[in-house]
Structures are given as C-alpha cells and as structure tokens.
Amino acid sequence: MELVHNGIDLKRFPLPMRERPQSPKSVCGFSKTRNEVALVRSVCSARGLAFSAFGRGPGNRTDDPKWRLAASDIVFATGRSAIEAMSCGAAVVVADGRGFAGLVTPDSYAAF
C-alpha cells in the first residue's frame, strides 16, 4: 500500500468548465490563515480583478469548494486546496501565512 499525501478523488471535481481567458478576471484564495489575504485582495483590487477568500483564516468557510475553484482563473492556496484548484484548471500560486512560494508550473510542481 502506498500513502498519497493530500490525495484527491478527481471524479469529485469538474473538468474545466470554460476556456480560461488570456487575461485573468477572477481570483480566489483558500487559506487557514489570514496573513496573506489582505495583500492578495489589495493587489487584485489595484489590477481590477475580482477576489474572494475562503477558509478558516478569512472566516468564510465553504462546504463545496470545487465550484468556487472551477470558477476562478487564479487560486492562491497550498496543499490539498492547491491540488484541487489545479484539477479544476485554475492557475495556482502557492501561498499561505508563511508567504508566497510562486506559480505552480510543470517544472515547479514536484518541488511544491
């Protein structure tokens, strides 16, 4: 038997529901802390991007995050939330209360 850390059931998540735009329009953050939320919200506002934050940190829990992930062009998250966002076709920036690690790409995935 093999242990898969932060494993997800891909059947639970929708395939990308739409073609992603050339320029992102919507951003969401999933976080256990709120340290990074204010900064991401501020940057999104300055760029004219819609931003919503979910999770224990921002005080906005959601029972079914898959639809929020699927509707977002960019997701700031770590761990399982980041993996779930990638499965929905979103661009993912690894970020949490410790800071920002960067955009997940095929080259950086294994390191994250």
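Note that the structure is predicted; figures quoted are calculated from it, not measured.
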| Can you tell if the side chain of L39 reaches within under 4.5 Å of the side chain of E36, non-hydrogen atoms only? | no

| What residues, two or more places apart in sequence or in another chain, satisfy side chain to side chain donor-acceptor pair (under 3.5 Å) together with R61? | none

| field | Qualifying residues under salt bridge (charged side-chain N to carboxylate O under 4.0 Å, His left out), relative to R80, sequence neighbours excluded | value | E84

| said: Does any part of the side chain of V40, heavy atoms only, come nearer than 4.5 Å to the side chain of F100, both counted from C-beta? | reply: yes

| Spacing of CG belonging to D63 relative to CZ belonging to F54, to within rounding of 0.5 Å | 12.0 Å

| Do F76 and V37 have side-chain heavy atoms sitting under 4.5 Å apart? | no

| task | For S81, check side chain to side chain donor-acceptor pair (under 3.5 Å) against everything at least two apart and list the hits. | result | none

| query | What's the shortest heavy-atom distance between S72 and S26, and which atoms? | reply | CA-OG, 3.4 Å

| request: Sort and list the pairs that fulfil side-chain hydrogen bond (donor to acceptor under 3.5 Å, both in side chains) and have at least one residue in residues 41-54, not counting sequence neighbours. | output: none

| query | Distance-only, no hydrogens or angles: does the S31 side chain make a donor-acceptor pair with backbone N or O of A53 under 3.5 Å? | reply | no

| field | Closest contact, heavy atoms only, V75 versus A90 | value | CG2-CB, 3.8 Å

| Straight-line distance of N35 CG to R98 CZ, nearest 0.5 Å | 11.0 Å

| field | Which atom of C28 lies closest to which atom of F51, heavy atoms considered | value | C-CE1, 3.9 Å

| field | For A101, side chain to side chain contact (heavy atoms under 4.5 Å, CB included) partners two or more places apart | value | V94, F112

| Got a sec, which pairs hit side-chain hydrogen bond (donor to acceptor under 3.5 Å, both in side chains) with one end in residues 102-111, sequence neighbours left out? | T105-S108

| Are F30 and T62 close enough that some pair of their side-chain heavy atoms sits under 4.5 Å apart? | yes

| task | Using side-chain contact (heavy atoms from CB on, under 4.5 Å) as the criterion, point out the one residue from V93, L103, V92 that pairs with I74. | result | V93

